Amino acid sequence: MNAPLIDPFARAITYLRVSVTDRCDFRCVYCMSENMTFLPKKELLTLEELDRMCSTFVGLGVEKLRITGGEPLVRKGIMTFFQSMSRHLDAGTLKELTLTTNGSQLERFAADLYAAGVRRVNVSLDTLDEQKFADITRWGRLPQVLRGIDAALAVGMRVKLNAVALKNFNEDELPTITEWCAARGVDLTWIEVMPMGDIGNEDRLDQYWSLKDVRARYAEHYTVTDLAERTGGPARYVRLEETGQKIGFITPLSHNFCESCNRVRLTCTGELFMCLGQEDAADLRAPLRAHPEDDAPLQEAIRAAIARKPKGHDFDYSRQRLDGQMPRHMSHTGG
Ligand code: SAM
Ligand code: SF4
């Protein structure tokens, strides 16, 4: 019954990303429009339902949980969920509990997260310039995020910065951001902007800064060595010989990483997306709510969904139009 989740392409599914809310206290221009309509509360999985859902996945062999959103730390009561998930870490069934956050609430929650067993956090930050930060996030304030990062480091968490590479925006900050990370022992990954959701009149092809060009920019400042290491995800790594830093590149559009994909994504309404770049999703909320005392129908629905996991995604910028563009927002599926 509890055999591990293996998809039709022999990939073991051991990594679940969970969006716990579609709401956010920022409005990053590449992610959301200024006026977003959010889901009514009854559509969302309650914290207890999220717990049951995640625990069922852990029972089926999921070893890594990444909590995301929207902004996960603005979900009311979310610390109770983290505390409750830590029982799977204590039991040894879950190997890692982590989150991706914009950092705005980290100062407040870093110690509680650490106490719940969170040892690593990804913070999304695209610029170290206060005005530019306010411009790109619309509602965010840089000093608050920097205090959050300091708090996470102070409690002993490993911090990784995720920066979206944006043309004419943070191109010139590459050495500054890199050195800032080196000075704090913070890891750094660059992400290519992806065609997700309707975000108003921002033109994505204008924003697109290829990571090939980011790498070339690094080579102007440092000796860059490509590393063979992969983590089952879309990241590739290089080492900067001068600083010893390992820099990640997430290039979902220009390279195919699908053959080693070990992850699925759960939305805050209980839909399971088997691939970030495909529309197919399975409704797990229905079997969860229909059988409050019995997990077997939910387990069956999860297995049926994994059996439909596609081989790969269809994004393609190459013909200068947004082939494979997804109507969903990243904040819905969780980045
Ligand atoms: N609010 C949290 C945060 O910002 O880290 C978690 C959710 S956010 C949707 C997750 C990640 O998706 C962030 O690193 C963000 O920069 C990234 N993201 C959002 N929209 C994107 C897009 N269109 N292309 C590439 N990355 C995007
Ligand atoms: Fe919010 Fe994260 Fe989207 Fe920015 S990227 S609007 S912080 S969900």
Side-chain angles (χ1 to χ4, degrees), residues 15-51 53-54 57 65-82 84-85 97-110 112-113 116 118 121-126 133-134 136-141 144-145 148-149 152 160-164 191 193-200 202 250 263-273 276-277 281 283-285 326-335:
Y15 181 7
L16 177 67
R17 298 170 73 104
V18 186
S19 171
V20 294
T21 176
D22 60 335
R23 288 165 200 257
C24 188
D25 51 347
F26 290 4
R27 290 289 180 279
C28 302
V29 298
Y30 46 74
C31 180
M32 293 192 182
S33 60
E34 187 136 33
N35 305 306
M36 293 288 290
T37 312
F38 293 110
L39 293 162
K41 201 168 164 229
K42 67 173 184 346
E43 294 286 317
L44 297 195
L45 297 180
T46 63
L47 293 174
E48 293 73 23
E49 287 173 332
L50 275 169
D51 186 323
M53 194 73 95
C54 293
F57 272 97
L65 274 182
R66 177 174 296 280
I67 309 307
T68 174
E71 174 45 43
L73 297 182
V74 301
R75 170 95 195 236
K76 211 167 149 222
I78 196 65
M79 274 317 123
T80 347
F81 170 78
F82 276 100
S84 169
M85 280 300 110
L97 175 62
T98 181
L99 75 156
T100 300
T101 172
N102 65 23
S104 69
Q105 310 301 315
L106 254 189
E107 187 179 24
R108 185 150 64 111
F109 290 130
D112 291 344
L113 287 167
V118 175
V121 59
N122 287 1
V123 181
S124 306
L125 179 62
D126 309 324
F133 187 82
I136 197 92
T137 62
R138 293 200 185 100
W139 298 359
R141 296 295 168 261
Q144 191 180 343
V145 172
I149 293 175
K160 188 176 82 167
L161 222 74
N162 279 340
V164 177
I191 308 177
V193 74
M194 288 189 272
M196 307 289 291
D198 172 17
I199 43 145
E202 301 289 332
I250 298 188
R263 62 196 60 192
V264 287
R265 295 175 157 81
L266 185 73
T267 70
C268 53
T269 58
E271 280 178 297
L272 188 73
F273 282 88
L276 182 61
D283 175 13
L284 298 183
R285 190 181 60 188
M326 301 303 304
R328 298 194 307 274
H329 284 262
M330 283 288 263
S331 52
H332 182 59
T333 3

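As the structure is a computational prediction, the values presented were derived from the model and not from experiment.
- Residues Thr98 and Val118 share a closest heavy-atom pair of CA-CG1, 4.3 Å.
- Put simply, OG1 on Thr267 and CG on Leu39 are 8.0 Å apart, with the number rounded to the nearest 0.5 Å.
- The backbone N or O of Phe133 sits less than 3.5 Å from a side-chain atom of Thr137, completing a donor-acceptor pair.
- Between Ser124 and Asn102, the side chains place no donor N or O within less than 3.5 Å of an acceptor N or O (distance only, hydrogens not considered).
- Under the 4.5 Å side-chain criterion, counting only non-hydrogen atoms from C-beta, Asn162 is not in contact with Leu125.
- Asp126 places no side-chain N or O within donor-acceptor distance of the main-chain N or O of Ala163, the cut-off being under 3.5 Å.
- For the atom pair Asp283 CG and Thr269 OG1, the distance stands at 8.0 Å (nearest 0.5 Å).
- Here the closest non-hydrogen pair linking Val121 and Ala152 is CG1-CB, 4.1 Å.
- In this structure, Phe26 and Val145 approach most closely via the heavy-atom pair CZ-CG2, 4.0 Å.
- Side chain of Arg138 to main chain of Arg27: a donor-acceptor pair is present (N/O by atom type, distance under 3.5 Å, no hydrogens or angles).
- With hydrogens and angles disregarded, no donor-acceptor distance shorter than 3.5 Å links the side chain of Asp22 to the backbone of Gly69.
- Looking at Ser33 and Asn35, their side chains never bring a donor and an acceptor atom within 3.5 Å of each other.
- Rounding to the nearest 0.5 Å places CH2 of Trp139 at 11.0 Å from SG of Cys28.
- For the residue pair Ser19 and Thr21, the shortest heavy atom distance occurs at OG-O, 3.2 Å.
- Ile67 contributes atom CD1, which lies 6.0 Å from atom CG of Leu97 (distance to the nearest 0.5 angstrom).
- Across all non-hydrogen atoms, the minimal contact from Cys54 to Met85 is CB-SD, 3.8 Å.
- Between Arg285 and Glu49, none of the side-chain N atoms (NZ, or NE/NH1/NH2) sits under 4.0 Å from a carboxylate O, so this pair counts as no salt bridge.
- Between the side chains of Gln144 and Arg141, not a single donor N or O lies within less than 3.5 Å of an accepting N or O.
- In this structure, a donor-acceptor pair under 3.5 Å is present between the side chains of Thr101 and Glu71.
- Closest approach of Cys24 and Phe38 over heavy atoms only: N-CZ, 4.3 Å.
- How far CG of Leu73 is from CZ of Phe82: 6.0 Å, rounded to the nearest 0.5 Å.
- Distance check: Arg75 CZ to Cys268 SG gives 7.5 Å after rounding to the nearest 0.5 Å.
- The closest donor-acceptor contact from the side chain of Arg66 to the backbone of Leu99 lies under 3.5 Å.
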